Amino acid sequence: MDALGEQRGALVAWAFLQADCASPGYGRELESLSEDLRLSGNIELGGPARDAPGDGDLETDGHMSRCMTAAPGDIQPSVELQWPHAEDLQQIAQGLRDIADLFKHNVVAEATDNLGRNISVSPSEQWKDHLTWEVERVMRRGVGLENLPQERVAVALALTLVRGVCEQAPRLLRNLFGAVLQYFKPAQSR
């Protein structure tokens with residue numbers, strides 16, 4: 001995957017993960033990640049999460065700390081300037097969220113628990129493998145969406161699992177975000 005493809009993948013993943021954010025801790029981690037997207041166009045993969053204020057006070061840059069609860073099509077203007085196809089990418093993210101909404105809740109809950117348990121006892125370098133195994137396990141089991149493109153179903157499932165784990169343990173977002181971006185890479189570059 002070329003750099004532009006990786007950047008687009010990162011933005012689609014971020015847009016998927018930031019929708020319907022309800023957890024303040026998860027929101028702070030997403031805000032930190034969004035700053036990386038806005039400022040550099042690159043994501044620091046596997047690095048420690050930065051501290052982010054979360055008490056609702058005014059930050060030193062004049063913005064309020066907040067949970068990212070933007071609706072589809074509501075990406076920050078600075079991101080749109082850096083990402084000329086942000087609207088198209090958000091539509092892709094929305095399509096993936098629509099697929100994710102069709103998953104059976106109990107299947108996702110079990111897979112999220114399995115992923116969380118497996119990554120909690122392994123180094124972050126192995127998290128992509130755990131994510132891949134869990135997605136493949138659920139896909140083999142069947143998710144009842146055989147009429148949809150299976151690659152999109154797998155991506156939606158991977159992002160749903162990452163969101164589920166990170167809502168419970170926000171500190172894992174940065175490393176799991178890196179793992180999901182590695183998961184997106186074509187098989188020949190893994």
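Sequence positions, counted from 1, serve as the residue numbers for this chain. The structure presented is a predicted model; accordingly, all values stated were derived computationally and were not measured.
Remark: side-chain polar atoms of Trp127 are paired, donor with acceptor, to backbone N or O of Ile119 under 3.5 angstrom. Arg97 contributes no side-chain N or O that, together with a main-chain N or O of Ile92, makes up a donor-acceptor pair within less than 3.5 Å. With hydrogens and angles disregarded, no donor-acceptor distance shorter than 3.5 Å links the side chain of Glu167 to the backbone of Gly164. Looking only at distances, a side-chain donor or acceptor of Tyr26 sits under 3.5 Å from a matching main-chain atom of Leu17.
The side-chain contact (heavy atoms from CB on, under 4.5 Å) test applied to Val135 returns Leu131, Met139, Ala154, Leu157, Ala158, Leu161, Tyr183, not counting sequence neighbours. Take Leu148 and apply the side-chain contact (heavy atoms from CB on, under 4.5 Å) test, not counting sequence neighbours, and it matches Ile99, Leu102, Leu145, Val153. A search for salt bridge (charged side-chain N to carboxylate O under 4.0 Å, His left out) contacts involving Arg141 returns Glu110, not counting sequence neighbours.
To the nearest 0.5 angstrom, Gln90 atom CD is 12.5 Å from Leu96 atom CG. The CD atom of Gln94 lies 9.5 Å from the CD atom of Gln91; values are rounded to the nearest 0.5 Å. A distance of 11.5 Å separates CG in Leu115 from OG1 in Thr160, rounded to the nearest 0.5 Å. One distance of note links CZ of Phe16 with CG of Leu159; it measures 5.0 Å at 0.5 Å rounding.
Residues Asn114 and Trp133 have side chains not in contact (no heavy-atom distance under 4.5 Å, counting atoms from C-beta outward). Here the side chains of Gln18 and Ser34 are not in contact, with every heavy-atom distance at 4.5 Å or above. Residues Leu181 and Phe177 are in side-chain contact: their nearest non-hydrogen atoms beyond the backbone lie under 4.5 Å apart.
Closest approach of Gly9 and Phe184 over heavy atoms only: O-CE1, 3.8 Å. Smallest separation of non-hydrogen atoms from Ala19 and Arg163: O-NH1, 3.8 Å. Across Gly116 and Val165, no two heavy atoms sit closer than the pair N-CG2, 3.8 Å. Of all heavy-atom pairs spanning Trp14 and Leu30, the tightest one is NE1-O, 3.4 Å. When all heavy atoms of Ala156 and Ala100 are compared, the closest pair comes out as CB-N, 4.2 Å.
Of the N and O atoms on the side chains of Ser32 and Arg174, at least one donor lies less than 3.5 Å from an acceptor on the other residue.
Environment of CD in Glu151: sparse, with no more than 12 heavy atoms of neighbouring residues, nucleotides or ligands closer than 6.0 Å.
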- Begin from the C-alpha positions of Glu29 and Cys166 and carry the test side-chain contact (heavy atoms from CB on, under 4.5 Å) through to its verdict. CA-CA 9 Å; Glu29 292 298 324; Cys166 292; over 6 Å; no

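With salt bridges taken as basic N to acidic carboxylate O contacts below 4.0 Å, one links Glu134 and Arg137.
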